[in-house]
There are 2 protein chains.
Amino acid sequence: MRRSTLEEVAALAGVSKMTASRALRGASDVAQDTRERVQHAAERLSYVANRLALSLSSQRTNLVAVVVPSMSNTVFPEVLSGITTGLEGSGMQAVFGISDYDADKERDIIRDMLSWQPAAIVVTGLDQPEETVRMLKAADIPVIQVMDLDGTPVDFNVGLSHGEAGRDMAKALLAAGRRKIAYIGSALDKDLRAGKRKAAFEQVLLAQGLGLVSHRIGDDFSSIALGKRLTADMLASRSDIDSIYYSNDDMAAGGLFACMEAGIAVPSQILLAGFNGLDLTDCLPALIATSRSPRRAMGEITAKLITDVMANGRVSGPKTIAFKPPIIGLEGAAAGLAKKSE
Amino acid sequence: MRRSTLEEVAALAGVSKMTASRALRGASDVAQDTRERVQHAAERLSYVANRLALSLSSQRTNLVAVVVPSMSNTVFPEVLSGITTGLEGSGMQAVFGISDYDADKERDIIRDMLSWQPAAIVVTGLDQPEETVRMLKAADIPVIQVMDLDGTPVDFNVGLSHGEAGRDMAKALLAAGRRKIAYIGSALDKDLRAGKRKAAFEQVLLAQGLGLVSHRIGDDFSSIALGKRLTADMLASRSDIDSIYYSNDDMAAGGLFACMEAGIAVPSQILLAGFNGLDLTDCLPALIATSRSPRRAMGEITAKLITDVMANGRVSGPKTIAFKPPIIGLEGAAAGLAKKSE
DNA sequence: CGTGATAACGGTACCGGTATCGGTAACATG
DNA sequence: CATGTTACCGATACCGGTACCGTTATCACG
């Protein structure tokens, strides 16, 4: 039982390959009963067209390549989910690759993806090394860089400014009266966007003559467990901290659990701030500040951009779509803050 | 600036297509300096081979198709992550599709995936309708059904018995002295595996002459927020419950947060039980019982199975690989339970 | 009845690679 | 010097579809 080909379908229906092809694609120039004969034959052989041949011949594919750094955080799966739903009904199919926050791996995956001649490619962030950028440009297809905004896009760009997010959060914490501010993060050399948030965050503090009073960087990728561990460690070493900025919400949630175990009141005693605005954050037993990033929306907008370009050849709107994540979870911590964080 | 072809590379290197092909693939029968000339030419044109042509010609692909129901839960991304890392270095590339727990969508995605002539296909669960199974069989490639074990596999099967997991948890709760047991779940008609756990769970209770004292099924997919909401609702309606079994850990975590808000002690007053053994569960401020499912391991084993079959043509071991998730988080709740849950 | 239009279908040339076989040059061998 | 061997390389035929153009039959019309 081998895969059947169009030729076999055609033979069974008593027509030529070409007629069978036309019949199955629902093209015109085929008599009604011929079409039915062909369709019937295809069904009997449970014929599935060979997309390799199809795409090679027609010089186009329905593939959208998407490269993300990780799957262990809910953030990227959500973006992917947004892309797939946004692509639905367009006949396009998203295929994903994981780079593990590794630039070399990313280059290899992108090369591999491009070899499938996708109709468009989506990559995370704007910080690809020159070689990767060259490949992307040489591919001669729409390139959409997502999540980040701080940098020079190759082509399209959908994201938010992590620098701005870091600055906003710093201002928000200051506005909430916090001065003894600490930072807890993970593998910043890998997660460049978290690094951008931190750098901008610190910069605002410095402008106020302040610095981070304490500082922990994990050696592992971000997780709730890591956030909890590093926070417990920090709390054990000093007691004057009044707020902690985390690389993201997972870490911050872990921080909250550490505070609860240590009997520290959140947010009154220590204010915790993260990034993303996860479902989890909303449900926690204490208020945590966070910047709510529109993950699904970014995915869906990206998909819409792609279907637009495919349909019209050109895109109508701008090539860069910027989101501004609102800061939430500071309601009780400081009155009058809403205006500023808006 | 169009995509360059092998022919152009060959022309630039002053050799034939065939020689260029051999040189780039690192095959023998190519002189050292010729190889270098070709490689140099390929670099200058930033040549990327066309996998469509490659695969069509060689009649094989490096694609492993993977279809999962969702990305909004961390579970499936973890499995995917496991598959990709397991495939690393094998030259295989995983491509993912999301079915949204919809059998028709799943069929369409599988059909689409198969049209790319993948080397193997991984699908979630064993409950595909007949038509889908026919397609899978007709594809004539290794089919691996993952996550579940309760049913008849098409070919390979890597997973765990959700019936057993449900039964084990029921026994564990009973052994912990709980009798007023409730259930909270979400969209069971879609998530068949959660349904299996619940059915088996209830069956054990019934065998003891017990039934669920309360019962909530959400109309949305599982999430922390949904678990919290349904639990709060349940707690408001009755006060005699001593344990709640949730469809999974997300829901259970939400349940814990609801209990904390209601001032209910967990696990002493109400014991909460979930399924999966997420990172999150380990960090929560109270002990939650759960069955730790080996998501990454299942993914990696699946990948290993595939690379094995590809390498040897035949697989050495059995066609079904069963995992048994241990129950954790009951340490304090009942002494002497460890033996039973082992 | 010749002509042209139209509908339905088939033939052929690709798409960009690889498999396969064969050819040529250089060198060793008897 | 004829012959065999070895190392390289090229020509050709695919892989399974689609694009494009050509062909045939049928029918309306002047």
Side-chain angles (χ1 to χ4, degrees), chain A residues 2-39 41-42 45-63 91 111-112 114-119 138-140, chain B residues 2-39 41-42 45-63 91 112 114-119 139-140:
Chain A
R2 236 193 56 270
R3 254 120 131 158
S4 42
T5 71
L6 182 62
E7 187 120 43
E8 291 163 18
V9 173
L12 184 58
V15 295
S16 76
K17 247 171 81 172
M18 266 323 299
T19 305
S21 170
R22 278 192 284 253
L24 290 177
R25 278 182 295 160
S28 59
D29 270 16
V30 179
Q32 185 57 30
D33 67 321
T34 310
R35 185 190 309 276
E36 276 163 17
R37 270 211 325 283
V38 173
Q39 277 164 351
L45 299 175
S46 53
Y47 169 72
V48 178
N50 185 333
R51 263 247 162 57
L52 298 173
L54 193 158
S55 295
L56 177 61
S57 168
S58 64
Q59 295 290 77
R60 61 198 151 73
T61 66
N62 66 341
L63 250 43
R111 190 201 308 287
D112 197 82
L114 288 179
S115 73
W116 287 101
Q117 320 287 113
D140 198 30
Chain B
R2 234 191 57 271
R3 253 122 131 160
S4 42
T5 70
L6 182 62
E7 186 121 43
E8 291 163 17
V9 173
L12 183 59
V15 295
S16 76
K17 247 172 81 172
M18 262 327 295
T19 305
S21 169
R22 278 192 283 253
L24 292 176
R25 278 182 294 160
S28 59
D29 269 15
V30 180
Q32 186 56 31
D33 68 320
T34 309
R35 184 190 309 276
E36 276 164 16
R37 270 211 325 283
V38 172
Q39 277 165 351
L45 298 176
S46 51
Y47 168 72
V48 178
N50 185 334
R51 263 252 162 53
L52 298 173
L54 193 159
S55 296
L56 177 61
S57 168
S58 64
Q59 295 290 78
R60 61 198 152 73
T61 65
N62 67 340
L63 251 41
D112 196 81
L114 288 179
S115 74
W116 287 100
Q117 321 285 113
D140 198 29

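In the text below, chain A, chain B and the rest are named by the order of the sequence lines, each starting its count at 1.
OP1 and OP2 of C:dG17 both lie 4.0 Å or more from every side-chain N or O belonging to B:Arg51. Within the structure, every side-chain polar atom (N or O) of A:Tyr47 is placed at least 4.0 Å from both OP1 and OP2 of D:dG16. Put simply, A:Gln59 has no side-chain N or O that comes within less than 4.0 Å of OP1 or OP2 on D:dA19. Dashed line: the shortest gap from a side-chain N or O of B:Ser21 to OP1 or OP2 of C:dG17 is not under 4.0 Å.
At whole-Å resolution of the value, CZ in A:Arg25 and P in D:dC20 are 11 Å apart. Rounded to an integer number of Å, the gap from CG of B:Leu52 to C1' of C:dC15 is 9 Å. Rounded to whole angstrom, the span from the CG atom of A:Leu24 across to the C1' atom of C:dC9 amounts to 15 Å. Rounded to an integer number of Å, the gap from A:Arg60 CZ to D:dG17 P is 15 Å. B:Trp116 places its CH2 atom 15 Å from the C1' atom of D:dC15, with the value rounded to the nearest Å. Separating the CG atom of A:Asn62 from the P atom of D:dT18 is a distance of 13 Å, rounded to the nearest angstrom. Counting to the nearest Å, the C1' atom of C:dG16 and the CG atom of A:Leu54 are 15 Å from each other. The CG-C1' distance, from A:Asn50 to C:dG17, rounds to 14 Å in whole Å.
In this structure, the separation between CG on A:Leu56 and OG on B:Ser55 is 10.5 Å, given to the nearest 0.5 Å. With values rounded to the nearest 0.5 angstrom, A:Asp29 atom CG is found 11.5 Å from A:Thr34 atom OG1. One finds the CG atom of A:Asn50 at 9.0 Å from the CH2 atom of B:Trp116 (value rounded to the nearest 0.5 Å). Taken from CG in A:Asn62 to OG in B:Ser115, the straight-line distance is 7.0 Å, to the nearest 0.5 Å.
A side-chain contact (heavy atoms from CB on, under 4.5 Å) with A:Val38 is found for one member of A:Leu24, A:Val30, A:Leu6 and no other, namely A:Leu24.
Around atom CD of A:Glu7, no more than 12 heavy atoms belonging to other residues, nucleotides or ligands sit under 6.0 Å away.
For the pair A:Arg37 and A:Gly14, the tightest heavy-atom approach, listed with the atom from each and the gap, is NH2-O, 4.3 Å.
Residues A:Leu52 and B:Arg51 are not in side-chain contact: their nearest non-hydrogen atoms beyond the backbone lie 4.5 Å or more apart.
Legend: residues meeting salt bridge (charged side-chain N to carboxylate O under 4.0 Å, His left out) with A:Arg22, ordered by chain and number and at least two apart, are absent.
When each of A:Ser58 and B:Ser58 is assigned the nucleotide of DNA chain D bearing its nearest heavy atom, the one mapping closer to the 5' terminus is B:Ser58.
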If you restrict it to nitrogen or oxygen atoms, what contacts under 3.5 Å exist between nucleotides 9-11 of chain D and the protein, and what is each distance?
residue: D:dC9; atom: OP1; partner: B:Thr34; partner atom: OG1; Å: 2.5
residue: D:dC9; atom: OP2; partner: B:Ala31; partner atom: N; Å: 2.9
residue: D:dC9; atom: OP2; partner: B:Thr34; partner atom: OG1; Å: 3.3
residue: D:dG10; atom: OP1; partner: B:Ser16; partner atom: N; Å: 3.4
residue: D:dG10; atom: OP2; partner: B:Ser16; partner atom: N; Å: 2.7
residue: D:dG10; atom: OP2; partner: B:Ser16; partner atom: OG; Å: 2.8
residue: D:dG10; atom: OP2; partner: B:Thr19; partner atom: OG1; Å: 2.4
residue: D:dG10; atom: O5'; partner: B:Ser16; partner atom: OG; Å: 3.4
residue: D:dG10; atom: N7; partner: B:Arg22; partner atom: NH2; Å: 2.8
residue: D:dG10; atom: O6; partner: B:Arg22; partner atom: NH1; Å: 3.1
residue: D:dG10; atom: O6; partner: B:Arg22; partner atom: NH2; Å: 3.2

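Taking five base pairs at each end of the helix from C:dC1-D:dG30 to C:dG30-D:dC1, the local helix axes there meet at an angle of 70°, rounded to 10°.
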